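Beneath this line is the structure, given in structure tokens, with notes to follow.
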Amino acid sequence: MCRLGLSTMAEFTGGDDYQAEFDPKVYLERFKFGEDTFGENYLNFSLKHYCKTFTSGVVKGDTLIDIGSGPTIHQLLSACESFKEIIASDYTYRNHQELEKWLKNEPGAFDWTPVVKYVCELEGNRYRGWKKQIA
Ligand SMILES: C[S@@+](CC[C@H](N)C(=O)[O-])C[C@H]1O[C@@H](n2cnc3c(N)ncnc32)[C@H](O)[C@@H]1O
């Protein structure tokens with residue numbers, strides 16, 4: 001059994017701290033392939049595990065609700081084929097704005113193309129223009 005003491009609990013970052021301090025643009029820097037070693041290591045690791053989890057066929061259903069999506073979609077890519085609907089959510093308005101910008105293809109939106117292509121390669125190239133399916 002895992003017991004969390006008060007000192008451990010106090011280290012969690014609260015929603016208001018994210019609202020005040022979390023900068024989506026800075027966070028997104030780590031999702032640029034080929035530009036940052038730490039970010040690339042994290043991305044490679046997490047994408048491989050998301051792929052393994054969702055292509056296993058064990059984790060699937062009608063609706064997936066992602067709590068604390070931040071300004072990112074990488075965590076949802078491999079889940080697209082396993083759920084009919086995916087709901088991304090976050091506490092901060094700046095993260096909402098960043099995702100909206102990407103959804104609407106607005107200038108300055110983060111370019112997820114290299115990440116999407118990498119995930120498609122991991123999954124055996126099942127790239128089928130999935131963005132068109134986003135409502
Ligand atoms: C470190 S980011 C993770 C972003 C993304 N899920 C990823 O894997 O890269 C954590 C996110 O959780 C959000 N968050 C923190 N507390 C939350 C809460 N109580 N409800 C919803 N989102 C929350 C923050 O705004 C922040 O965007």
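In listed order, ligands and their atoms are each counted from 1. Quick note: numbers below take in every heavy atom, side chains included, and nothing from hydrogens, waters or symmetry partners. Predicted, not measured: the structure shown is a model, and the values here were computed from it.
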Problem set entry | Heteroatom proximity flag, Asn95 to ligand 1, N/O under 3.5 Å | yes
For this session: Mind telling me whether His49 and Phe45 have parallel, tilted or perpendicular rings, with 30° and 60° as the class edges?
Result: tilted
Problem set entry | Part of Tyr18 within contact of ligand 1 (heavy atoms, under 4.0 Å) | side chain
Exercise. Can you list the atoms of ligand 1 that are under 4.0 Å from a heavy atom of Thr92?
Worked result: 25 (O)
For this session: Have a look at ligand 1 and work out which part of Ser69, if any, has a heavy atom under 4.0 Å from it: side chain, backbone, both or neither.
Result: backbone
Problem set entry | Residue, atom name and distance, where the atom is the protein heavy atom closest to atom 25 (O) of ligand 1 | Asp90 OD2, 2.7 Å
Problem set entry | Any N or O of Gly68 closer than 3.5 Å to N or O of ligand 1 | yes
Problem set entry | Carboxylate-amine/guanidinium contact Glu81 Lys60, below 4.0 Å | no
Seminar exercise, completed: Output for pair (Leu122 CG, Lys48 NZ), nearest 0.5 Å, gives 7.0 Å
Exercise. Side chain, backbone, both or neither: which part of Phe12 has a heavy atom under 4.0 Å from ligand 1?
Worked result: neither
Exercise. In Å and rounded to the nearest 0.5 Å, what is the CG to CD distance from Asp23 to Glu21?
Worked result: 10.0 Å
For this session: Work out which heavy atom in Arg30 is nearest to a heavy atom in Tyr42; give both atom names and the distance.
Result: CD-CD2, 4.4 Å
Exercise. Which ligand 1 atoms are under 4.0 Å away from a heavy-atom of Tyr42?
Worked result: 8 (O), 9 (O)
Exercise. Among Phe22, Phe31, Tyr91, Tyr93, whose heavy atom sits nearest atom 21 (C) of ligand 1?
Worked result: Tyr91
Problem set entry | All side chain to side chain donor-acceptor pair (under 3.5 Å) counterparts of Gln75, not counting sequence neighbours | Asp66, Thr72
Exercise. Can you find an N or O of Tyr50 that's nearer than 3.5 Å to an N or O of ligand 1?
Worked result: no
Exercise. Has the side chain of Thr92 got a donor or acceptor atom that lies under 3.5 Å from a matching backbone atom of Tyr18?
Worked result: no
For this session: Quickly, which of Tyr118, Trp102, Trp112 forms a ring-ring contact (aromatic ring centres under 6.0 Å, His included) with Phe31? Name it, please.
Result: Trp112
Problem set entry | For Thr72, atoms of ligand 1 separated by under 4.0 Å from a heavy atom | 5 (C), 7 (C), 9 (O)
Exercise. Does the distance from a Lys or Arg side-chain N to an Asp or Glu carboxylate O, for Lys104 and Glu100, drop under 4.0 Å?
Worked result: yes
Exercise. For Gln19, is the nearest heavy atom under 4.0 Å from an atom of ligand 1?
Worked result: no
Problem set entry | Which of the ligand 1 atoms, numbered from 1, are nearer than 4.0 Å to a heavy atom of Tyr27 | 1 (C), 3 (C), 4 (C), 7 (C), 9 (O)
